[in-house]
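By convention in this document, chain letters (A, B, ...) are assigned in the order of the sequence lines, proteins followed by strands, and residues within each chain are numbered from 1.
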Amino acid sequence: MARRTDDENGDGIGQCWLAKSEPSVYSIDDLRRDGSTLWDGIRNYQARNFLRSMQVNDRVLFHHSSGDPTGVVGTAVVVGLAQPDPTQFDPRSEGFDEASKREDPRWCAVTVRFGSRLAVPVTMAMLRADRSLKGMRILQRGNRLSVTPVTAAEFARVVKLGGS
DNA sequence: GCCAACGTTGGC
DNA sequence: GCCAACGTTGGC
C-alpha cells in the first residue's frame, strides 16, 4: 500500500482537520456521550470534498461555533470513510435535498469517534494570539467552511494550548 | 443583533 | 456564462 504523503512522521497519523459544530446542535459532550457519530448535515461542496478525502485515523479538532466561548474544545478521530448522508433523502430533515438521488447522492458524511475534551477551550483569541497558528483557515478573513484541513503541527499546538 | 463575506440561484 | 439578488454563516 502506498505510504500516505501527509504522514510526515510515519507515525500513522495522517491528515488533520478542524470541524465546526454549534454546541446547541451537537457539542463535544454529545460526542463524548455517544462515543461516535455520523458527521452529517454538510451542505457545502468544498467541505464535502474535504469529507471525501478523509481517511480512517485522521485527527479532528472539534470546534464550537457560535458558542460560549467560540473555539476548539476537543478532538475526534475519523473511524468511518465518507458514505452517503442519509439526511439528504429524509423530507423531514433540515438537510433534505430533493435534487439528490439515491443512485447519485450529492452529500456525504463520515463517522467520527470521541477523542478528548480539552482542559481549557482554545478560543479564537487564543488561536489568533499564537504566531504558529497564523495559517489556520479558521483564522482567515471570511472563512465559513465547516470543515478545513489543518497541519499536524497546528493540531498538536492547539491540543497543547488546550492543556491536554 | 449586526453585518461582512461567501455560496447559490435564476433571469437574461 | 455573467452577475445581481438573495440567503446563510458565524465572529464579534
Distance in angstrom units between [X] [atom1] and [N] [atom2], rounded:
{"X": "A/Asn143", "N": "B/dC3", "atom1": "CG", "atom2": "C1'", "result": "17 Å"}
{"X": "A/Met126", "N": "C/dC12", "atom1": "CE", "atom2": "P", "result": "14 Å"}
{"X": "A/Asn49", "N": "B/dG7", "atom1": "CG", "atom2": "P", "result": "13 Å"}
{"X": "A/Leu18", "N": "C/dT9", "atom1": "CG", "atom2": "P", "result": "17 Å"}
{"X": "A/Leu145", "N": "C/dT8", "atom1": "CG", "atom2": "P", "result": "18 Å"}
{"X": "A/Leu127", "N": "C/dG11", "atom1": "CG", "atom2": "P", "result": "11 Å"}
{"X": "A/Arg137", "N": "B/dC6", "atom1": "CZ", "atom2": "C1'", "result": "13 Å"}
{"X": "A/Ile42", "N": "C/dT9", "atom1": "CD1", "atom2": "P", "result": "11 Å"}

For [X], answer base if it contacts any base atom (sugar-phosphate contacts may also be present), sugar-phosphate if it contacts only those atoms, and nothing otherwise; contact means non-hydrogen atoms under 4.0 Å.
{"X": "A/Glu22", "result": "nothing"}
{"X": "A/His63", "result": "sugar-phosphate"}
{"X": "A/Arg43", "result": "nothing"}

Salt bridge between [X] and [Y], side-chain N to carboxylate O under 4.0 Å?
{"X": "A/Asp130", "Y": "A/Arg157", "value": "yes"}
{"X": "A/Arg117", "Y": "A/Asp29", "value": "yes"}
{"X": "A/Asp104", "Y": "A/Lys101", "value": "no"}

Value for OG (A/Ser93) from CG (A/Asp40), rounded to nearest 0.5 Å, stands at 7.5 Å
Short side-chain N/O contact from A/Arg144 to OP1 or OP2 of B/dC3, under 4.0 Å
no
From the options [options], select the nucleotide whose nearest atom is closest to the side chain of [X].
{"X": "A/Lys20", "options": "C/dG11, B/dG7, C/dC12", "value": "C/dG11"}
{"X": "A/Tyr45", "options": "B/dG7, C/dG11, B/dT8", "value": "B/dT8"}
{"X": "A/Asn44", "options": "C/dG11, B/dG7, C/dG10", "value": "B/dG7"}

### Query
Between A/Lys134 and A/Gln140, which heavy-atom pair has the shortest distance, and what is it?
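In terms of heavy atoms, the two residues are closest at O-NE2, 2.9 Å.
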